[in-house]
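Reading through the structure tokens given below for one structure.
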Number of protein chains: 2
Amino acid sequence: MLISTRGRYALRILIDMAEHHGSGYIKLKDIAERQEISEKYLESIVKELVKRHIVYGVRGKGGGYRLSVEPDQINVGEVLRFMEGGLAPVACLEEGSAPCPKAPYCRTLEFWRGLDEVIPRYTDSFTVADLMATPNAGNDYII
Amino acid sequence: MLISTRGRYALRILIDMAEHHGSGYIKLKDIAERQEISEKYLESIVKELVKRHIVYGVRGKGGGYRLSVEPDQINVGEVLRFMEGGLAPVACLEEGSAPCPKAPYCRTLEFWRGLDEVIPRYTDSFTVADLMATPNAGNDYII
DNA sequence: TTATAACCTATTATAACAGTATGTTTATCT
DNA sequence: AGATAAACATACTGTTATAATAGGTTATAA
């Protein structure tokens with residue numbers, strides 16, 4: 001599995017925040033209820049989004065989270081990459097991994113490199129705003 | 001990680017077999033030595049290739065394995081898919097998984113579907129013969 | 001000063017991955 | 001016929017990542 005729940009949930013959190021902006025700060029508890037994800041688990045995901053300055057949080061009563069960037073400025077590929085710690089399809093292309101000694105004569109390396117280009121080319125062509133506008137079969141979601 | 005060692009090694013085995021065809025049957029022991037992969041682990045991978053009729057094996061002394069199909073007829077995407085049990089980038093698109101109840105109003109589903117198309121479009125455009133012909137930086141591999 | 005909500009640290013259950021270990025069957029060679 | 005060599009089969013195991021939980025601390029508003 002290329003993308004785990006961390007990447008998937010991060011996108012859902014960002015879309016949820018974008019859809020509920022304007023009315024002050026958004027509580028994790030509310031996101032958790034709407035998205036049917038454990039609040040505690042969301043915390044660990046939002047923590048990363050805060051660290052990356054995509055979201056900012058205010059403590060205490062009346063506090064919560066807000067996007068610190070417009071949805072059309074949040075790149076989906078970038079979010080997935082830092083949530084997942086990279087999107088390399090194979091271990092030998094993970095950044096920080098030791099260079100493979102077989103690389104000079106490897107018959108598969110170029111194939112993997114190509115796949116490793118194709119994925120970000122796709123993911124990076126989306127912003128959170130694009131996801132919000134995604135057409136759905138039965139778009140009857142009550143906001 | 002989208003692709004585990006099983007998929008990676010399977011391709012290396014197939015390329016190795018293609019490069020050493022003609023001289024009778026190829027012993028797993030030899031492949032294991034050339035590829036520096038444990039023979040026992042290779043067994044479990046080749047087993048799948050035999051099951052899929054891409055490779056066939058002959059027991060006993062002088063036995064070994066051979067490709068049962070020409071390298072240009074072996075699709076890389078297909079090999080990866082059955083070795084990995086699918087290449088879906090997210091759990092909700094795995095075949096055999098329960099349909100997601102959120103699908104009708106999911107803002108990310110179409111995005112994932114798109115990624116799930118992009119990956120096979122790339123992988124399926126390669127055959128084992130293509131991999132063999134892949135240009136390398138320092139192609140000094142001794143066959 | 002109490003309620004609330006973000007923030008922080010540690011722990012845990014499960015499953016997949018990557019590989020081992022041991023043995024059985026089938027074929028060839030002497 | 002017997003030794004050897006290879007595929008084939010089944011079961012087990014250590015390690016790691018995932019997907020959370022649990023329990024607490026700090027900051028803010030009413």
Side-chain angles (χ1 to χ4, degrees), chain A residues 1-10 12-13 17 24-33 35-53 55-68 80 83-92 94 97, chain B residues 1-10 12-13 17 23-33 35-68 80 83-92 94 97:
Chain A
M1 203 63 37
L2 185 67
I3 315 282
S4 71
T5 52
R6 283 176 66 81
R8 292 214 322 280
Y9 291 178
R12 284 167 59 186
I13 292 169
M17 284 186 182
Y25 291 92
I26 302 155
K27 290 176 267 186
L28 258 201
K29 196 189 168 191
D30 291 344
I31 300 178
E33 272 172 20
Q35 300 296 328
E36 296 179 274
I37 302 169
S38 133
E39 190 183 342
K40 279 290 170 190
Y41 192 37
L42 283 192
E43 276 186 1
S44 72
I45 292 162
V46 172
K47 188 183 178 179
E48 192 67 34
L49 297 173
V50 171
K51 194 175 144 193
R52 302 286 177 159
H53 307 292
V55 147
Y56 70 101
V58 172
R59 288 184 179 191
K61 199 167 185 177
Y65 292 99
R66 281 186 80 166
L67 294 182
S68 47
L80 292 177
M83 288 308 301
E84 300 291 339
L87 291 184
V90 287
C92 54
E94 274 185 318
S97 70
Chain B
M1 202 64 39
L2 185 67
I3 315 282
S4 71
T5 51
R6 284 176 64 82
R8 294 216 320 281
Y9 291 178
R12 285 167 58 187
I13 291 168
M17 284 186 182
S23 47
Y25 291 92
I26 303 156
K27 290 177 268 186
L28 258 201
K29 195 189 169 191
D30 291 345
I31 300 177
E33 272 172 19
Q35 300 296 327
E36 297 179 273
I37 303 169
S38 135
E39 190 183 341
K40 280 292 168 192
Y41 193 36
L42 284 191
E43 277 185 0
S44 72
I45 292 161
V46 172
K47 188 183 178 179
E48 192 67 34
L49 297 173
V50 171
K51 194 174 144 193
R52 302 285 176 159
H53 307 291
I54 287 172
V55 147
Y56 70 102
V58 171
R59 289 184 177 192
K61 201 168 183 177
Y65 293 98
R66 281 186 81 165
L67 295 181
S68 47
L80 292 177
M83 287 309 302
E84 300 291 339
L87 290 185
V90 287
C92 54
E94 275 186 315
S97 70

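Numbered from 1 within each chain, the chains take letters A, B, ... in sequence-line order.
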Exercise. May I ask you to say what Tyr25(B) touches in the nucleic acid, namely base, sugar-phosphate or nothing, with a heavy-atom cut-off under 4.0 Å?
Key: nothing
Practice problem: Rounded off to whole Å, could you give me the CG-to-P distance for the Leu2(A) and dC17(C) pair? | Solution: 13 Å
Exercise. Pick base, sugar-phosphate or nothing for Lys27(B), based on heavy-atom distances below 4.0 Å to the nucleic acid.
Key: sugar-phosphate
Exercise. Identify, between Tyr65(B) and Lys61(A), the residue whose nearest nucleotide on DNA chain D lies closer to the 5' end.
Key: Tyr65(B)
Quiz item: Would you say the side chain of Arg59(A) and the base of dT26(D) hold a donor-acceptor pair, judged only by whether the two atoms sit under 3.5 Å apart?
Solution: yes
Quiz item: Contact class for Leu42(A) (heavy atom, under 4.0 Å): base, sugar-phosphate, or nothing?
Solution: nothing
Self-check item: Sugar-phosphate, base or nothing in reach of Val46(A), heavy atoms under 4.0 Å
Solution: nothing
Quiz item: Any idea which heavy atoms bring Ser97(A) and Ala91(A) closest together, and the distance?
Solution: OG-O, 3.7 Å
Quiz item: Atom SG in Cys92(A), atom CE in Met1(B): separation rounded to 0.5 Å?
Solution: 9.0 Å
Quiz prompt | Sugar-phosphate only, base, or nothing, as touched by Gly64(B) at under 4.0 Å among non-hydrogen atoms | solution = sugar-phosphate
Exercise. For Leu2(A) and Leu87(A), work out which heavy atoms get closest and say how close.
Key: CD1-O, 3.5 Å
Quiz item: Is Lys47(A) paired with Glu43(A) through a side-chain N to carboxylate O contact shorter than 4.0 Å?
Solution: no
Quiz item: For Tyr9(A), which contact category applies under a 4.0 Å heavy-atom criterion: base, sugar-phosphate, or nothing?
Solution: sugar-phosphate
Exercise. Give Lys47(A) one of three labels, base, sugar-phosphate or nothing, depending on what nucleic acid heavy atoms sit under 4.0 Å from its own.
Key: base
